[in-house]
> 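Pasting a structure here, questions to come.
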Amino acid sequence: MHCPFCRHLDSKVIDSRPSEDGTATRRRRLCPECHQRFTTVETAMLMIVKRSGVTEQFCREKVIAGVRRACQGRPVSEDALAQLGQQVEYALRALGRAQLPAHEVGLAVLGPLRDLDEVAYLRFASVYRGFASLSDFEAEIRRLRAERGPAPHDNEPAEEQAPVHA
């Protein structure tokens, strides 16, 4: 590692620790030539292989931007989007591979987005999975309802109970 002050070719690591989110390593270094201290941050690169064959570095902000479009007009905060982006990155890194197909990024988004907002999930899934008809939406909604378990229908009024007289 070059010293940023004197450009000496070597430096000594005097302390290492993981970053707060665990995706990087922070190293405190000392230059043996000029005795200046400096910090470096090291991250393992996660590469995404697109359908066209082009490879690019994973970008959490691109994931958040795509999900933000699906959440347009929905009650989803920027903090929730940032957390979702972090969840997706952790899930992808947990796969333990340096290169992943872009398809796996979309798969990693679906679960956390479904938990965050079902309408945004349907929007994202409709584009990601290429829904072509209303029956595709209906099938996905049936699947969501089956996973959620029995619940009162959203558009049906609740049953009124007769007053209890003592």
Side-chain angles (χ1 to χ4, degrees), residues 1-4 10-29 37-151 154:
M1 180 81 215
H2 290 286
C3 172
D10 200 12
S11 63
K12 179 181 176 186
V13 175
I14 55 177
D15 182 41
S16 288
R17 60 183 66 176
S19 64
E20 282 185 28
D21 64 2
T23 61
T25 300
R26 185 179 162 272
R27 299 198 195 283
R28 196 72 180 131
R29 297 177 176 268
R37 292 177 183 228
F38 58 98
T39 301
T40 59
V41 179
E42 300 174 12
T43 59
M45 290 178 56
L46 178 59
M47 302 303 287
I48 305 301
V49 181
K50 300 183 128 195
R51 275 183 255 153
S52 65
V54 173
T55 302
E56 65 180 43
Q57 189 171 350
F58 173 80
C59 178
R60 188 187 297 183
E61 287 305 314
K62 281 182 75 171
V63 169
I64 292 170
V67 173
R68 185 180 288 121
R69 282 191 297 276
C71 292
Q72 212 163 10
R74 302 295 303 155
V76 177
S77 70
E78 283 298 314
D79 285 345
L81 290 175
Q83 279 187 323
L84 184 139
Q86 188 174 31
Q87 283 179 297
V88 169
E89 184 173 352
Y90 284 163
L92 294 173
R93 289 188 183 278
L95 296 173
R97 300 194 324 248
Q99 281 194 352
L100 298 168
H103 176 75
E104 290 195 35
V105 177
L107 288 175
V109 168
L110 289 173
L113 184 55
R114 183 183 57 233
D115 295 340
L116 180 64
D117 187 284
E118 288 178 336
V119 172
Y121 165 81
L122 279 171
R123 290 174 178 171
F124 187 89
S126 72
V127 173
Y128 177 71
R129 292 186 175 151
F131 289 4
S133 67
L134 276 177
S135 63
D136 293 336
F137 280 96
E138 290 168 342
E140 190 63 26
I141 290 169
R142 275 193 303 276
R143 196 175 67 73
L144 281 171
R145 284 188 173 144
E147 286 176 6
R148 189 182 339 146
D154 298 342

> Does the pair Glu118 and Arg148 meet the rule for a side chain to side chain contact (heavy atoms under 4.5 Å, CB included), with working shown?
CA-CA 11 Å; Glu118 288 178 336; Arg148 189 182 339 146; 3.1 Å; yes
> To the nearest 0.5 Å, what is the distance between CZ on Arg93 and CG on Leu100?
9.5 Å
> Ignoring hydrogens, what is the shortest heavy-atom contact between Leu92 and Ala108? Give both atom names and the distance.
CD2-CB, 3.8 Å
> Would you call the rings of Phe131 and Phe137 parallel, tilted or perpendicular, taking 30° and 60° as the class edges?
perpendicular
> Inspect the surroundings of CZ in Arg143 and state if more than 12 heavy atoms from other residues, nucleotides or ligands are less than 6.0 Å away.
yes
> When Val67 is tested against each of Val76, Asp117, Val88, Leu84 for side chain to side chain contact (heavy atoms under 4.5 Å, CB included), which residue passes?
Leu84
> Checking the side chain of Arg114 only, and the main-chain atoms of Leu144 only, is there a donor and an acceptor separated by less than 3.5 Å?
no
> Using only atom types and a distance under 3.5 Å, with no angle test, would you say the side chain of Asp115 pairs donor to acceptor with the backbone of Pro112?
no
> Donor-acceptor pair, Tyr128 side chain versus His103 backbone, under 3.5 Å?
yes
> Enter the distance from Met47:CE to Arg97:CZ here, rounded to the nearest 0.5 Å.
14.5 Å
> Got a second to check how far Leu81's CG is from Gln83's CD, nearest 0.5 Å?
10.0 Å
> Would the distance check show the side chain of Arg123 and the main-chain N or O of Gln72 forming a donor-acceptor pair, the cut-off being under 3.5 Å?
yes
> Got Lys62 and Glu56 here, is their nearest side-chain heavy-atom distance under 4.5 Å?
yes
> Roughly how far, to the nearest 0.5 Å, is CD of Glu140 from OH of Tyr121?
3.5 Å
> Should Leu113 and Cys71 count as side-chain neighbours, where that means a heavy-atom distance under 4.5 Å?
yes
> Is the shortest side-chain heavy-atom distance between Arg129 and Asp136 below 4.5 Å?
no
> Does the side chain of Arg68 reach to within under 4.5 Å of the side chain of Glu78, using non-hydrogen atoms?
yes
> For a 4.5 angstrom cut-off between non-hydrogen side-chain atoms, does Ile141 reach Glu138?
no
> With a cut-off of 6.0 Å (strictly less than), are more than 12 heavy atoms of other residues, nucleotides or ligands near CZ of Arg37?
no
> To the nearest 0.5 angstrom, please state how far the OG1 atom of Thr55 sits from the CD atom of Gln99.
5.0 Å
> Between atom OG of Ser16 and atom CZ of Arg29, what is the distance when rounded to the nearest 0.5 Å?
7.5 Å
> Could you walk me through whether Glu61 and Ile64 pass side chain to side chain contact (heavy atoms under 4.5 Å, CB included), step by step?
CA-CA 5 Å; Glu61 287 305 314; Ile64 292 170; 3.9 Å; yes
